[in-house]
Amino acid sequence: MNYIKQGVLSLCLLASGGAFAADAIGLTIDAAKPGAVINKDIYGQFAEHLGTGIYEGMWVGPKSKIPNTKGWRNDVVGALKAMHVPLVRWPGGCFADEYHWKDGIGPREKRPVKVNTNWGGVAESNAVGTHEFFDLVDLLGADAYVNGNLGTGSAQEMSEWVEYMTSDSQSTLANLRRKNGHEKPFKVAYFAIGNEAWGCGGNMSPDHYSDLYRNVETFLRAPQQYRPKMIASGGNDNDVSWTEVLSKRLKSQTDGISFHYYTIPTGKWDVKGAATGFPEKEWMSTLTSTLRMEDHIVRNSAAMDKNDPEKKLGLFVDEWGTWYDVEKGTNAGFLFQQNTLRDAVVAALNFNIFHAHADRVRMTNIAQMVNVLQSMIITDKDKMVLTPTYHAFEMYVPFQGATSLPLTLSNNPQYTLDGASVPEISASAARGTDGKLYLALVNTNPGQDADVAINVPGQTIKSVKGRVLTAAAMDAHNSFQAPQAIKPAPYSANAVDGKLTVKIPAKAVVVVAVE
Ligand code: AHR
């Protein structure tokens, strides 16, 4: 189906007094009232030692036949670079609270082999350690987010890791870093003290965690220009108590509080729902579930506002995305799932929510970058495919560092099914760093196109130009047999008599520059 032609058709009908204009959803962008800057780190990624997320998926080692640079696959790194990954969180997740950084430095053949107790009980060779991780972020041109081990580690271990990475002194640890091949300190953008301390990170209460955090943070010393932003590991889902306690008790010692929320179609952890072949009911339940992110952010921000009205602290959603049942025949501990058009829609809906709260939400990390949960890339030996989620991230690149602009939607119907409903159109606008006005639109309805009349007071709009991501099936996905089954297509429309109505196809993500 040619959606560009459809857009033109709607404009013709509009010009000739057709029915589309009267029914159109109204979208007004207030370009004169710039809001918060959308931190590029909102588009951050997460790479945990989990399944084939790092080993095989990205790291093959320097001796591999798969073309690589310093052990990292050239094809995967090239694709990730093309989507402008701004930040990578590593080494976990739950893995972080059992990771001892000294196991991952020095000659690789001498590193201890451990058991990955969280994820499948497989051997962890420690081939990827601190230096390899920084090679990866260097290759990507991304910043580093390192997650410290509070669960089975100590203040001393974390303090020494921060010293090893960031010290420019002649200390033994700084010289060990030099001996291991890195003269200059590494740039650590963020450092988290623990992960999910309420669960896999130690089953703590927020008060107990706060006491430990205060103690550890005291000893994390780094030269001013290399000091990472310190992150306190917060709550998840409906639980705001962590944000309440942490924003009160850690305010002077942290730069932000993390929060985790996963989208699960059935809402049940034992049977989460399938990644492909799902009924429309689960399209709907996935969207209603993911849109709860907005309420979670509002409630956590309100808790932070009480203790930090100046908004010095960030709310860092450092794990989010879809979590389905694992694919049949795969290791249940590897969390491998296919990725479809539904995931791209989920990603775009979350981006629009993050933009709307950019004053507080300054960093997020989708879980996870390759082969795990809602990934950007799926690999099999030397092959790789880009997922629909990859395309959504890549389409939204102009929003990295852009300035959010308020917009209002009127006459926006609900897409309803069996008593559940979500707004049909979700949208976000921003002034890009290149000065252009960008608009993102998501049509949540899998069976109905939507006409949207765009209005920017004080500006005569001539056209919109960009790309659309859609497909015939809700679970359209790329596979090794059909790697290009779903990918973005050009999208444009011109104004007629200074008025612009665009047709947003059913189940689609559209990102355009408004000119
Ligand atoms: O992303 C997978 C896991 O989900 C992470 O390791 C953990 O933090 C969360 O529970």
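The figures that follow rest on heavy atoms only: side chains count, while hydrogens, waters and symmetry mates do not. A quick note: this is a predicted structure, and the numbers were derived from the prediction, not measured.
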Indicate yes or no for a side-chain donor-acceptor contact from Asp475 to the backbone of Phe278 under 3.5 Å, with no hydrogens or angles considered. no

I'd like to check Trp119 versus Val372 (side-chain heavy atoms, cut-off strictly below 4.5 Å). Are they in contact? no

Considering only heavy atoms from C-beta outward, does the side chain of Ile504 approach that of Tyr491 to under 4.5 Å? yes

Keeping to residues at least two apart or across chains, list the ring pair (Phe, Tyr, Trp, His ring centres under 6.0 Å) pairs with something in residues 438-486. none

Sorted by chain and number, sequence neighbours left out, side chain to side chain contact (heavy atoms under 4.5 Å, CB included) with Thr379 holds for Arg73, Val76, Val370, Asn371, Ile377, Met384

Minimal heavy-atom distance between Met395 and Val509, with the atoms involved, is CE-O, 3.5 Å

For Arg360 and Ser301: C-alpha separation, side-chain torsions, deciding distance, then whether side-chain hydrogen bond (donor to acceptor under 3.5 Å, both in side chains) applies. CA-CA 7 Å; Arg360 189 62 98 172; Ser301 299; 4.8 Å; no

Would you list the atom pairs, donor with acceptor, under 3.5 Å between side chains in residues 25-38 and any protein atom, with sequence neighbours excluded?
residue: Asp30; atom: OD1; partner: Ala32; partner atom: N; Å: 3.4
residue: Asp30; atom: OD2; partner: Lys33; partner atom: NZ; Å: 3.3

By the side chain to side chain donor-acceptor pair (under 3.5 Å) test, which pairs, at least two apart or in different chains, include something from residues 269-279? none

With sequence neighbours excluded, tell me which residues meet salt bridge (Lys or Arg N to Asp or Glu O under 4.0 Å) with Arg89. Asp318, Glu319

Verify side-chain hydrogen bond (donor to acceptor under 3.5 Å, both in side chains) between Thr416 and Ser421, making sure each step is shown before the conclusion. CA-CA 4 Å; Thr416 51; Ser421 68; over 6 Å; no

How close do Val240 and Ala303 get, counting heavy atoms only, and between which atoms? CG1-CB, 3.7 Å

Can you tell me if Asn74 uses its side chain to pair, donor with acceptor, with the backbone of Thr69 under 3.5 Å? yes

Walk me through it: do Val298 and His357 pass the test side chain to side chain contact (heavy atoms under 4.5 Å, CB included)? CA-CA 8 Å; Val298 167; His357 298 278; 3.7 Å; yes

So does Gly194 get a backbone contact from the side chain of Asp97, meaning a donor-acceptor N/O pair under 3.5 Å? no

Asn350-Thr290 side chain donor-acceptor pair, cut-off 3.5 Å: yes

Tyr262: which residues meet the ring pair (Phe, Tyr, Trp, His ring centres under 6.0 Å) condition with it, sequence neighbours left out? Trp323

Kindly give the heavy-atom pair with the smallest separation between Leu469 and Pro488, and that separation in Å. CD1-N, 3.5 Å

Does the Thr286 side chain pair with the main chain of Glu282, one donor and one acceptor, at a distance under 3.5 Å? yes

Using modelled atom types and a 3.5 Å cut-off, is there a donor and acceptor pairing between side-chain atoms of Gln337 and backbone atoms of Ala275? no

Using the salt bridge (charged side-chain N to carboxylate O under 4.0 Å, His left out) rule, collect all pairs that involve residues 363-391, keeping only residues at least two apart or in two chains. none

Using the rule ring pair (Phe, Tyr, Trp, His ring centres under 6.0 Å), only one of Phe259, Phe354, Tyr261 pairs with Trp320; which is it? Phe354

Side chain to side chain contact (heavy atoms under 4.5 Å, CB included) between Met363 and Ile231: does it pass, once the steps are laid out? CA-CA 11 Å; Met363 186 265 275; Ile231 302 182; 3.5 Å; yes

Could you tell me whether the side chain of Phe334 reaches within less than 4.5 Å of the side chain of Val326, counting heavy atoms only? no

Listed pairs under 3.5 Å, donor-acceptor, residues 458-467 side chains, sequence neighbours left out:
residue: Arg467; atom: NH1; partner: Glu394; partner atom: OE1; Å: 2.9
residue: Arg467; atom: NH2; partner: Glu394; partner atom: OE1; Å: 3.0
residue: Arg467; atom: NH2; partner: Glu394; partner atom: OE2; Å: 3.4

Look up atom CZ in Phe134 and atom CD in Glu132, then write down how far apart they are to the nearest 0.5 Å. 11.5 Å

Any side-chain heavy atom of Val385 within less than 4.5 Å of one from Tyr390? no

For residues Pro483 and Asn478, report the shortest heavy-atom separation together with the two atoms involved. O-CG, 3.1 Å

Should we say atom NZ of Lys281 is surrounded by more than 12 heavy atoms from elsewhere, each under 6.0 Å from it? no

Given Trp90, which of Trp59, Phe46, Tyr99 fulfils the ring pair (Phe, Tyr, Trp, His ring centres under 6.0 Å) condition? Tyr99

Once rounded to the nearest 0.5 Å, what's the spacing between atom CD of Gln368 and atom OG of Ser375? 9.5 Å

Flag for Ser233-Asn195: side-chain donor and acceptor within less than 3.5 Å: no

So, the side chain of Asn39 versus the backbone of Ala358: is there a donor-acceptor pair under 3.5 Å, distance only? no

Of all the heavy-atom pairs spanning Leu291 and Pro423, show the shortest one and how long it is. CD1-CD, 4.4 Å

If the plane angle is over 60° it's perpendicular, under 30° parallel, otherwise tilted; pick one for His355 and Phe351. parallel

Got a second to check how far Leu500's CG is from Ile454's CD1, nearest 0.5 Å? 4.5 Å

Can you see which heavy atom on Phe399 is nearest to which on Val511, and at what distance? CE1-CG1, 4.0 Å

Residues in salt bridge (Lys or Arg N to Asp or Glu O under 4.0 Å) with Asp143, at least two apart? Lys40, Lys187

NZ-CG distance between Lys70 and Asp135, expressed to the nearest 0.5 angstrom: 4.5 Å

To the nearest 0.5 Å, how far apart are CG in Leu50 and CD in Glu124? 11.0 Å

Suppose we screen for side chain to side chain contact (heavy atoms under 4.5 Å, CB included). Which residues come up paired with Thr389, at least two apart in sequence or across chains? Asn339, Asp343, Ala347, Ile366, Gln374, Met376, Thr387, Phe393

Answer yes or no: is there a donor N or O on one side and an acceptor on the other, between the side chain of Glu280 and the main chain of Leu417, under 3.5 Å? no

Surrounding CD of Glu294 (heavy atoms of other residues, nucleotides or ligands, distance under 6.0 Å), is the total greater than 12? yes

With sequence neighbours left out, write down each residue that passes ring pair (Phe, Tyr, Trp, His ring centres under 6.0 Å) with Tyr190, or none if nothing qualifies. Tyr145, Phe316

Arg362: salt bridge (Lys or Arg N to Asp or Glu O under 4.0 Å) partners, not counting sequence neighbours: none

From CA spacing to verdict: side-chain hydrogen bond (donor to acceptor under 3.5 Å, both in side chains), Asn445, Glu424: CA-CA 6 Å; Asn445 191 327; Glu424 193 156 282; 3.1 Å; yes

Value for CH2 (Trp72) from CG (Leu136), rounded to nearest 0.5 Å, stands at 4.5 Å

Can you list the steps and then say if Asp451 with Thr501 is a side-chain hydrogen bond (donor to acceptor under 3.5 Å, both in side chains)? CA-CA 6 Å; Asp451 296 306; Thr501 298; over 6 Å; no

